[in-house]
Structures are given as structure tokens and as C-alpha cells.
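Order of appearance sets the numbers: ligands from 1, and atoms from 1 within every ligand. The basis for the numbers below is simple: all heavy atoms, side chains too, and nothing from hydrogens, waters or symmetry mates. We number each residue from 1, following the sequence as shown.
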Amino acid sequence: MRGELAFILSPRIQFAPFVRERIVLALTVMKFGGSSVGDAERMKRVANRIVERAREGHQCVVVVSAMGDTTDDLIDLSRELCEGIPSQREMDMLLTTGEQVSCSLLAMAIQSRGCKAVSYTGWQAGIYTEPVHGKARITGIQPWRVLESLKQGNIVIVAGFQGMTQESEITTLGRGGSDTTAVALAAAIIADDCEIYTDVDGIYSTDPRIVPVARKLKEISYDEMLELANLGAAVLHPRAVECAKRYNVNLVVRSSFTYNEGTQVKEEAVMEQGVAVRGIAYDKNVARISILGVTEKPGQLAIVFGALADQQIDVDIIVQSGVIDGKADFSFTVALNDVERALDVIKKIRHDVEFRDVTSETGLVKVSIVGAGMVSNPGVAATMFRVISGLGISINMVSTSEIKMSCIIESSRLAEVVKALHTAYGLDAGEQVFVGGPADRR
Ligand code: ASP
Ligand code: MG
């Protein structure tokens with residue numbers, strides 16, 4: 001029953017069960033990013049927006065990021081004062097101050113508009129994390145204090161991006177982690193909605209800076225959003241999307257500067273069907289490493305990728321050529337800043353793996369098409385190849401999954417390729433994208 005839901009304990013995130021007293025109000029979590037609270041004027045605008053929401057009859061829990069570039073500025077400051085790598089613990093002590101500034105100021109701004117408000121740090125709000133500094137995962141939330149304050153008629157402001165370990169150490173959730181605070185809190189208090197307010201209107205079919213006719217999506221599935229977030233679309237933190245999917249949180253991404261509708265992130269089953277490709281993403285942070293003339297024998301790949309994994313180097317796409325005269329070539333991609341280390345690792349295993357040469361290549365980009373309908377639409381892959389080759393561009397590597405296909409191409413041709421794909425898949429604004437009947441909305 002609504003209002004009497006006890007939160008199911010999961011092995012990964014344990015939220016304390018509770019009974020929410022609900023009258024006629026909707027319970028909404030609103031999250032505002034750094035640019036939305038970048039200065040006093042913007043902070044006032046956000047305060048007005050929250051007060052409006054509360055007066056409409058919503059109970060509001062608000063999560064805020066640090067103002068503007070505060071987090072970056074604090075990082076710069078630490079670099080000036082510290083030779084070598086600073087203590088991770090002290091970095092977390094430092095960076096969490098940014099969110100503490102914005103949540104207290106926002107509470108004051110709301111109070112001066114005649115509403116009751118109270119701000120809490122992550123630990124006061126009961127957000128527990130694993131004992132890792134810099135990118136801790138949330139392990140559980142005890143939202144009693146937040147709920148009690150709501151009951152007393154407060155708008156509750158919670159500092160994003162932070163939590164506390166069982167040993168009372170302060171931790172941070174990784175860059176962009178305030179999104180995760182908001183979604184996890186929404187799950188823990190069984191909020192009706194979680195609204196992520198940002199400086200763009202919603203999730204776009206691709207980067208509007210490259211494709212001016214990019215369209216704002218009305219809706220996107222959790223899985224599609226997760227792919228886009230992991231592929232470098234920085235609008236939402238991937239962990240926040242994972243959490244929303246796991247706990248089925250109604251997520252909306254919208255602008256804090258306009259009243260436009262935004263994009264709903266939801267379960268695929270309740271979405272309108274009929275879209276093969278929902279969005280196009282790109283990632284310039286790729287380099288290709290090729291190991292040439294590797295002697296064919298069992299276990300060679302295991303040695304190479306085992307050695308890379310030991311050094312925490314993430315490998316993305318892997319391609320092996322056919323074997324000629326007992327020799328094969330391998331190529332794989334890594335992040336740009338891992339290239340030197342990866343080359344080092346491979347040179348060091350030369351006594352275990354026989355090969356002729358190892359080379360690296362930069363100036364590449366990974367272009368990906370994402371859509372949950374791809375599996376059931378034959379020809380989606382062929383279209384991607386046709387479009388790219390039609391521009392006279394060669395495809396260096398390809399990878400596919402059920403809902404995504406990526407090609408590695410030279411980065412100088414990126415804009416042309418994304419534009420052409422956007423048109424080919426009928427994504428340009430003004431095209432009819434959503435076919436099929438109205439969704440079976442909950
Ligand atoms: N202030 C933190 C950052 O810049 C967290 C966030 O904004 O979500 O990464
Ligand atoms: Mg963000």
C-alpha cells in the first residue's frame with residue numbers, strides 16, 4: 001500500500017524500513033547541480049522554485065551540489081599546497097565543505113521566503129558509505145531525521161556527494177555524485193519523484209553543440225540512460241542511473257532555468273515502443289593499442305589482459321585478426337591517460353608472450369548508437385556502416401551489445417559522422433520518432 005511501504009532490504013543498499021505518514025502531499029526529491037546554484041542570484045532563483053513547489057503541496061527534500069566551480073577550485077588549492085598526491089581522507093574533508101556551504105545558504109534563502117527549512121550534511125541525513133575515500137558507494141540510508149523534519153513542515157536540504165562510514169569518517173561519492181545522493185535518498189524515503197535540475201533542458205538525442213537539430217527526448221529507459229552516461233554523456237552520474245533502475249525511482253531531468261518538461265528516465269516496459277535508436281554518444285577519451293605478430297598459442301590473451309587488469313587498466317573494445325603463418329594481431333582500446341602505462345605493461349610481459357611489435361594510436365573517437373529497440377530492428381547495424389562508409393571514412397573497430405553499437409573512427413570526422421547518423425536514424429528535430437500507441441503509464 002502507498003504510504004505503508006517498508007523498503008526491501010537489498011544486499012547492496014540497505015535502507016531502513018519505515019512508515020511514511022502521507023496526507024495529500026506528494027513527496028519530491030529535487031536535486032540542483034553546481035551551475036544552478038552558481039551565485040547568489042541563481043541561488044535565489046532556486047529558492048523561489050523550491051518554495052513554489054512546496055506551496056503547490058509537495059513535501060520537498062532538496063539535494064544540492066557545491067556552488068559553481070567550487071569543487072574544482074578546492075582541488076586546485078590542494079595541489080598548490082601539497083607536493084605529490086594529497087591524503088585522500090583530507091581531500092574528502094576538504095571537498096565536502098563545498099556542499100555544506102551551498103546547503104546552508106539555500107536553507108537561509110528559503111527561510112527568508114517564509115518557509116521552514118533545515119539543512120543537513122550527508123551524515124546527519126543518515127547516508128552511510130563503504131570505507132573508501134574519493135569514490136565511496138552508498139551502503140545504506142537511515143532517513144529518520146529527514147522524515148521527522150519533513151513531518152514538522154520543513155523543506156529539508158541535504159548536502160550532495162557525501163556520506164559517512166561506520167567508523168564516522170567522512171567520504172565522497174566521486175565527481176558528479178550528488179545525483180546519486182538524490183536518487184538513493186528518493187529510494188530510501190519512497191519519494192514519488194526525483195527531479196534532477198540542471199543547466200540543460202533534459203536528455204538530448206545527441207550533443208546539441210555538434211548537431212543543432214538534436215532533439216530533447218521525452219523519455220528514455222534506465223538501460224539506455226546508463227549506456228549514454230557510461231559513454232560520456234555527463235548529464236547524469238552512472239551510479240545514480242543504476243540506483244534508479246534498481247529501486248525503480250521515477251527520475252526526471254529538467255532545466256532549473258526554464259519550466260520546460262524535461263526527460264523522464266523510466267523502465268522500458270512502460271515506455272512507448274517503436275524506437276530503434278534513441279541517441280548517439282561519443283567519447284574522445286580513447287586510444288588504440290595494437291600488438292602485432294603474436295605467436296598463436298593458447299593462453300596468450302589471458303596473459304596480456306591479466307597483466308593489464310593487475311595495473312587497473314580498463315580495456316574496452318578488443319579485436320583479433322585472423323591467424324596467418326601462426327601469427328595474429330590484436331588491437332584493443334584504453335583511456336587516453338592509460339596509454340603509456342599499457343605500453344609499459346606489454347613490454348614487460350615480452351618474456352611470456354612472443355610478439356613482433358606493439359604500437360599505439362591516438363586521434364580517435366568512439367561513436368555509439370544506443371537504443372533498447374535495436375535488438376528487434378534488423379538493419380540498424382548495416383545503416384551505421386553504410387552511413388560512415390558513405391562519408392569515405394574507415395571504421396577501425398566495432399563493438400556491439402544488445403542496446404548499443406560503437407565504432408572507432410578518426411576524431412577529425414566526428415561532427416560529420418554524428419550529424420549523418422542522427423539524420424539516418426530519423427532523430428532530427430521535427431521527425432516523427434515516437435510511433436506506437438500511448439504508453440501504459442502507471
Ligand atoms: N560537487 C561535486 C562535483 O563537482 C559533486 C557534484 O556536483 O555532484 O563533482
Ligand atoms: Mg552533474
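Within 6.0 Å of CD in Glu130 there are more than 12 heavy atoms belonging to other residues, nucleotides or ligands.
Between Phe332 and Phe305, the angle of the ring planes goes over 60°, which puts this pair in the perpendicular group of the 30/60° scheme.
Arg239 and Asp179 are not joined by a salt bridge, as no carboxylate oxygen comes within less than 4.0 angstrom of a charged side-chain nitrogen.
The side-chain hydrogen bond (donor to acceptor under 3.5 Å, both in side chains) search around Asp223 returns Lys245, not counting sequence neighbours.
Within the 4.0 Å heavy-atom shell around ligand 1 one does not find Gly160. Using a 4.0 angstrom heavy-atom cutoff, Glu99 counts as in contact with ligand 1. For Gly33, the heavy-atom gap to ligand 1 stays at 4.0 angstrom or more.
Interface of Ser65 with ligand 1, defined as ligand atoms under 4.0 Å from a residue heavy atom, comprises 6 (C), 7 (O), 8 (O). Near Arg175, meaning under 4.0 Å from one of its heavy atoms, ligand 1 places the atoms 3 (C), 4 (O), 9 (O).
Residue Gly176 places at least one N or O, backbone or side chain, under 3.5 Å from an N or O of ligand 1. Taking only nitrogen or oxygen atoms, main chain and side chain alike, Asp179 does not reach within less than 3.5 Å of ligand 1.
Judged as a salt bridge (charged side-chain N to carboxylate O under 4.0 Å, His left out), the pairs with a partner in residues 49-58 (not counting sequence neighbours) are, in order, Arg53-Glu56, Arg53-Glu195.
Judged by distance alone, the side chain of Thr97 and the main-chain N or O of Leu94 form a donor-acceptor pair under 3.5 Å.
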